[in-house]
There are 2 protein chains.
Amino acid sequence: MDTATKKAGRRPGQNKTKAKIIVAAEALFTKEGFDHTTIRSIAKHAEVDPALVMHYFGSKQELFIEAMAPSQQMPRKIAQELTRGDPETMGFRLATLFVCMLEARSTGHVVVNVLKAAVRIPGAAALLKTILVRPILKAFKESTFDHAELRATLAQSQLVGIVLTRYIIKIEPLASLPSNELIECIAPTLQRYLTGNLNGNRKEIL
Amino acid sequence: MDTATKKAGRRPGQNKTKAKIIVAAEALFTKEGFDHTTIRSIAKHAEVDPALVMHYFGSKQELFIEAMAPSQQMPRKIAQELTRGDPETMGFRLATLFVCMLEARSTGHVVVNVLKAAVRIPGAAALLKTILVRPILKAFKESTFDHAELRATLAQSQLVGIVLTRYIIKIEPLASLPSNELIECIAPTLQRYLTGNLNGNRKEIL
DNA sequence: TAATATATTCAACGACGTTGAATTATCGAG
DNA sequence: CTCGATAATTCAACGTCGTTGAATATATTA
């Protein structure tokens, strides 16, 4: 009685308007951030009623998550670039990829706004994990290092710290430091988190 | 004509009510954060009219900054503890102080909520600098290391990254890692930022 | 007392996210 | 084709928020 008994009623369309809403939402969220983007402005850009946005997405937060979801494709490249290559240069490569991603207008704004939202919206926090933690972790599962998850999250902590201080709060002189010098500064930290020994001076414990 | 010509009119009182508002604001902001704390709830706790809060503080953001301002006294201890002691153990001491500060209920909540607000409110970002960057920088000015500001902000970036991933977004396993192990993990990073050479493998350039 | 400055209150504005009912359009079943 | 069910879309409104401006009360000095 699943496919046999066909109910009457209008079938769900291809939802061209739903796509229009997502496009408008992605553009506005990326440019203005979560707070300064309003459901009403999204509706206006998509030429629909604000209530229609709610009908399709339930809430502003869910719309934000759906609109920023395409950014989940970014980590694929990161994971690929990380996997191939000498494990001893992994930190440098990760630092380079990450900084380049942030310097690029589009991807940079997405990461910044997802991070800004992550401090208040649990769904955005989950999205941030998907974008940043997963690729690092994925590149790890293949190699044989202990405490893979811990290493990945430690690297993550340094990376989000850079996003926060350099690209959001903009603390000098870190905010104006040339990209290549920044990479030089954080690469050894990432390298140690990824493949070094994690416990301070004492060797081989933990 | 400054002290001589006394103008008429009611003199500004000791503002017992203004103090009551600040007390209520500090309590609510610390417990509920910036977003979930409303001007109206602060006014209710202080038993005054919401408009009076605006009259004294101008805006919710300014009130937040004034209410969180006492936290500026925290860095003094940090700076003092950092200054005395072997520079070679500075990273470990900074990590220990910082983690302890965050594990303590009161101070931890303050730092977390100031950081949450800093991504949206410029004044809160400035307050965060005062709490975290200044003491490290101050402890530096006495010693003779190059690029003091850059070193301080690099350490800052790792510290706020820990706040974000461990205490706000709560990414595992970093969120559940015992304090002492966390300290062991980040201490070498801080140590290198503070007193090590900043450019990756190449020696003595930059 | 009269004038002036402060302390406090009241009512309202405009914007926001969200809701529920109403309307219109599209489909399958008889 | 007609009918009824379902989807698409709109409209008007609610409740809350930060904020404002006028109004009232109170204290102080000339």
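Just so it is clear: chains get the letters A, B, ... in the order the sequence lines come, proteins before strands, and each one is counted from 1.
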Q: Summarise how protein sits on nucleotides 15-23 of chain C as a single string, 5' to 3': B when a protein heavy atom is under 4.0 Å from the base, S for sugar-phosphate-only contact, - for no contact.
A: -BBBBB---
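Comparing the end axes of the helix from dT1(C)-dA30(D) to dG30(C)-dC1(D), each fitted to five base pairs by superposing C1' atoms of four pairs onto the next four, gives an inter-axis angle of 20° (nearest 10 degrees).
Evaluation of the salt bridge (charged side-chain N to carboxylate O under 4.0 Å, His left out) rule for Asp35(A) yields Arg120(A), Arg120(B) as partners, not counting sequence neighbours. A search for side-chain hydrogen bond (donor to acceptor under 3.5 Å, both in side chains) contacts involving Ser179(B) returns Glu103(B), not counting sequence neighbours. For Thr130(B), the side-chain hydrogen bond (donor to acceptor under 3.5 Å, both in side chains) partners at least two apart in sequence or on another chain are Arg134(B).
Phosphate proximity of dT8(C) to Thr17(B): present, with a side-chain N or O under 4.0 Å from OP1 or OP2. Residue Tyr56(B) has a polar side-chain atom (N or O) positioned under 4.0 Å from OP1 or OP2 of dT8(C).
With salt bridges taken as basic N to acidic carboxylate O contacts below 4.0 Å, one links Glu47(B) and Lys20(B). Classification of Asp86(B) and Arg93(B) as a salt-bridged pair fails, no side-chain N sitting under 4.0 Å from a carboxylate O.
Of the residues in residues 22-29 of chain A, none has a non-hydrogen atom less than 4.0 angstrom from any atom of DNA chain D.
Within a 6.0 Å radius of NZ in Lys138(B), no more than 12 heavy atoms belonging to other residues, nucleotides or ligands are found.
Below 30°, between 30° and 60°, or above 60°: for Phe29(B) and Phe34(B) the angle between ring planes is below 30°, a parallel geometry.
Closest to the side chain of Val48(A), from the set dT10(D), dA8(D), dA7(C), is dT10(D).
We find that CG of Asn15(B) is positioned 18 Å from P of dA5(C), with the value rounded to whole Å. Separating the NZ atom of Lys20(B) from the C1' atom of dT8(C) is a distance of 12 Å, rounded to the nearest angstrom.
The backbone N or O of Leu28(A) lies less than 3.5 Å from no partner atom in the side chain of Lys31(A), so there is not a single donor-acceptor pair. The closest donor-acceptor contact from the side chain of Thr30(B) to the backbone of Glu26(B) lies under 3.5 Å.
In this structure, the separation between CD1 on Ile168(A) and CG on Leu115(B) is 9.5 Å, given to the nearest 0.5 Å. Atom CD1 in Ile186(B) sits 7.5 Å away from atom CZ in Phe98(B) (nearest 0.5 Å).
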